[in-house]
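Remarks on the structure that follows.
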Amino acid sequence: VTSSLSALGDEELGNGKDKNSSIKHALESVCDTDWAGCEKSRKSTSCCHEYLDGNMVFGYSRNQKGVSLSSTESEYYGASSGCSEGLFLKSIQEFISGEGSVNMVCRLDNSAARQLVLRSGVSKIRHIEARMLWLQDKAKSKAFSVAGISTVWNTADLGTKGLTGERINMLLYMVGVVDAENGFKPVGEKEFERETEKQASKKMIRSICESLAEGTSRTIMNPDNVKL
């Protein structure tokens with residue numbers, strides 16, 4: 001069942017394919033982490049969904065072994081785990097379809113974690129374990145690229161924390177889950193449509209507000225409106 005990652009708009013690669021090539025396959029590692037989610041141990045929970053050409057082929061939800069001191073650290077560890085699985089799947093697909101045939105993208109909704117993956121060294125976040133810095137080397141060598149994803153459309157949110165029933169159904173629809181007892185109808189289609197309309201309305205309101213603010217600014221800065 002094809003997933004609904006096309007709903008990501010500018011954030012998706014386009015029907016699961018690389019826009020710059022009709023040959024390459026697109027492997028997307030969509031990662032998310034709930035920082036210090038366990039009330040007893042304060043360990044974080046990471047989840048990753050692996051999509052090949054827009055279809056989910058693998059997913060997991062795991063507790064991190066150590067206690068992270070910041071959300072950026074926990075997100076980075078989650079990305080490290082997700083990318084290791086993604087690189088393994090990439091090697092399998094390239095063994096089948098040929099070397100260099102897969103374009104891998106790691107998608108994170110945490111901007112600080114994205115910057116850390118693309119950076120060299122730990123900078124001010126010195127408490128990150130040095131053994132985890134291999135991820136930066138892989139990113140630097142172009143083994144994969146790093147891209148953002150809105151938290152609203154991050155399907156990996158399913159495996160990190162408790163969610164409302166409506167959001168669970170909406171994300172299940174994006175993953176491609178169907179109800180076998182109901183004629184194999186997609187789960188959460190209505191919830192997905194409501195969320196899509198909601199985000200479209202927000203985008204429209206934001207655009208109107210920006211236009212009004214720009215118009216007000218021009219009116220204020222216009223010399224003809226200045227009275228001495």
Side-chain angles (χ1 to χ4, degrees), residues 1-20 22 26-35 47-56 59 71-72 75 78-79 82 103 105-118 145-179 185-226:
V1 179
T2 303
S3 70
S4 300
L5 281 183
S6 59
L8 300 179
D10 295 337
E11 296 175 336
E12 53 92 30
L13 295 176
N15 297 324
K17 295 289 185 179
D18 190 334
K19 290 180 179 178
N20 298 322
S22 60
L27 178 63
E28 298 168 289
S29 298
V30 182
C31 306
D32 192 29
T33 301
D34 181 29
W35 175 42
C47 179
C48 180
H49 290 171
E50 304 284 354
Y51 294 89
L52 180 62
D53 295 341
N55 299 281
M56 183 175 171
S71 60
T72 301
E75 291 278 359
N103 179 32
V105 182
C106 175
R107 297 194 178 278
L108 304 170
D109 58 10
N110 186 296
S111 59
R114 292 198 299 269
Q115 295 173 9
L116 183 58
V117 173
L118 297 173
S145 58
V146 180
I149 182 172
S150 172
T151 302
V152 175
W153 307 117
N154 192 339
T155 60
D157 201 26
L158 280 168
T160 58
K161 53 185 173 292
L163 303 171
T164 63
E166 183 174 355
R167 176 155 176 78
I168 290 175
N169 288 334
M170 189 272 288
L171 294 177
L172 288 177
Y173 176 81
M174 293 186 63
V175 170
V177 176
V178 297
D179 187 357
K185 292 184 179 180
V187 174
E189 185 173 7
K190 293 182 179 179
E191 289 84 353
F192 176 79
E193 291 176 353
R194 282 199 294 267
E195 187 63 41
T196 302
E197 293 175 358
K198 178 180 177 181
Q199 296 303 318
S201 299
K202 284 185 176 181
K203 186 175 181 179
M204 184 182 298
I205 293 173
R206 191 182 305 114
S207 177
I208 294 173
C209 291
E210 290 176 354
S211 298
L212 291 175
E214 184 178 355
T216 303
S217 177
R218 288 179 178 178
T219 301
I220 295 175
M221 297 302 294
N222 191 341
D224 296 335
N225 295 331
V226 177

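We count residues from 1, following the sequence as given.
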For Phe192 and Met174, run side chain to side chain contact (heavy atoms under 4.5 Å, CB included): C-alpha distance rounded to whole Å, both residues' side-chain angles, the deciding distance at 0.1 Å, then the answer.
-> CA-CA 8 Å; Phe192 176 79; Met174 293 186 63; 3.8 Å; yes
Are Trp153 and Glu195 close enough, and set up right, to give a side chain to side chain contact (heavy atoms under 4.5 Å, CB included), and what steps lead you there?
-> CA-CA 10 Å; Trp153 307 117; Glu195 187 63 41; 3.9 Å; yes
Let me see the working for Thr33 and Asn110 under side chain to side chain contact (heavy atoms under 4.5 Å, CB included), right down to the final yes or no.
-> CA-CA 9 Å; Thr33 301; Asn110 186 296; over 6 Å; no
After noting the C-alpha distance and the side-chain angles of Thr155 and Tyr173, does the key distance pass the side chain to side chain contact (heavy atoms under 4.5 Å, CB included) rule?
-> CA-CA 9 Å; Thr155 60; Tyr173 176 81; over 6 Å; no
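Judged purely by atom type and a 3.5 angstrom limit, Asn154 uses its side chain to pair as donor or acceptor with the backbone of Cys31. For the pair Ser207 (side chain) and Lys203 (backbone), a donor-acceptor distance under 3.5 Å is absent. Looking at Arg114, its side chain does come within 3.5 Å of a backbone N or O of Leu108 through a donor-acceptor pair. Checking side-chain atoms of Asp109 against main-chain N and O of Ser150 turns up no donor-acceptor pair under 3.5 Å.
Annotation: side chain of Val152 is not in contact with side chain of Lys198 (no heavy-atom distance under 4.5 Å).
Considering CD of Gln199 and CZ of Arg206, their distance stands at 8.0 Å, rounded to 0.5 Å. Here the straight-line distance linking atom CD of Glu189 with atom CG of Asn169 works out to 12.0 Å at 0.5 Å rounding. Between atom CD of residue Glu28 and atom CG of residue Asn103 there is a gap of 9.0 Å, rounded to the nearest 0.5 Å. With rounding to the nearest 0.5 angstrom, the CG atom of Leu52 is 10.5 Å from the OG atom of Ser29.
Atom NZ of Lys161 sits in a crowded spot, with more than 12 heavy atoms from other residues, nucleotides or ligands closer than 6.0 Å.
Of all non-hydrogen atoms in Arg107 and Gly148, the two that sit nearest each other are NH1-O, 3.4 Å. Of all heavy-atom pairs spanning Cys47 and Thr160, the tightest one is CB-CG2, 3.7 Å. Between Asp157 and Asp32, the shortest heavy-atom distance links the atoms OD1-OD2, 3.1 Å. The minimum heavy-atom distance between Glu50 and Gly82, with the atom names listed, is OE2-O, 2.9 Å. The minimum heavy-atom distance linking Glu166 with Arg194 is given by the pair OE2-NE, 3.4 Å.
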